[in-house]
Amino acid sequence: MAEERNIQRQQHNGHGASSDMTGAIAEQASSAAEQMGRAVQQGVGKANAAINAVSERSGRAAERTGEVLGNFRSAIETSARSQPTTTVALAALAGFVFGAFWRMGSR
């Protein structure tokens with residue numbers, strides 16, 4: 001009977017150590033998951049900030065491009081009225097250059 005108690009104590013102590021070990025592993029896993037969650041949140045925050053910055057810059061660039069195109073259109077209209085032959089020649093030259101670059105890029 002005393003031997004049975006010793007065996008039971010040993011088994012209980014063994015299970016206790018196993019339980020402690022499992023708890024420690026669970027704590028470490030939980031801590032690692034929390035750290036990973038914080039890292040992901042920081043990454044998402046940085047990505048959102050970068051996206052917002054790029055979006056803002058692209059909006060400003062689109063506005064500037066619109067202004068430049070408007071000015072370019074006005075210049076072409078004025079040139080076409082005052083010097084139609086020169087305007088047509090410049091348009092043909094621009095088309096030729098654009099076509100040459102297009103063809104080089106498609107090879």
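Predicted, not measured: the structure shown is a model, and the values here were computed from it.
Linking Ile, Leu, Val, Met, Phe, Trp and Tyr whenever their side-chain heavy atoms come within less than 4.5 Å puts Met104 and Val97 in one cluster.
Put simply, CD on Gln83 and CG on Leu90 are 9.0 Å apart, with the number rounded to the nearest 0.5 Å. To the nearest 0.5 Å, the span separating CD1 on Ile76 from CG on Leu69 amounts to 9.5 Å.
By the ring pair (Phe, Tyr, Trp, His ring centres under 6.0 Å) test, Phe72 is found to be paired with no residue, residues two or more places apart in sequence or in another chain being considered. With sequence neighbours excluded, no residue forms a side-chain hydrogen bond (donor to acceptor under 3.5 Å, both in side chains) with Arg81. The salt bridge (charged side-chain N to carboxylate O under 4.0 Å, His left out) search around Arg73 returns Glu77, not counting sequence neighbours. Every residue two or more places apart in sequence or in another chain that forms a side-chain hydrogen bond (donor to acceptor under 3.5 Å, both in side chains) with Glu56 is listed here: Arg60.
Heavy-atom minimum distance, Ser79 versus Thr87: OG-OG1, 2.6 Å.
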For residues 24-36, please give each side-chain donor-acceptor pair under 3.5 Å, one per line with the distance, not counting sequence neighbours.
none

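Residue pairs meeting the side chain to side chain donor-acceptor pair (under 3.5 Å) criterion with at least one member in residues 37-51: none, sequence neighbours excluded.
Thr78 places a side-chain N or O within 3.5 Å of a backbone atom of Ser74 that can act as its donor or acceptor partner.
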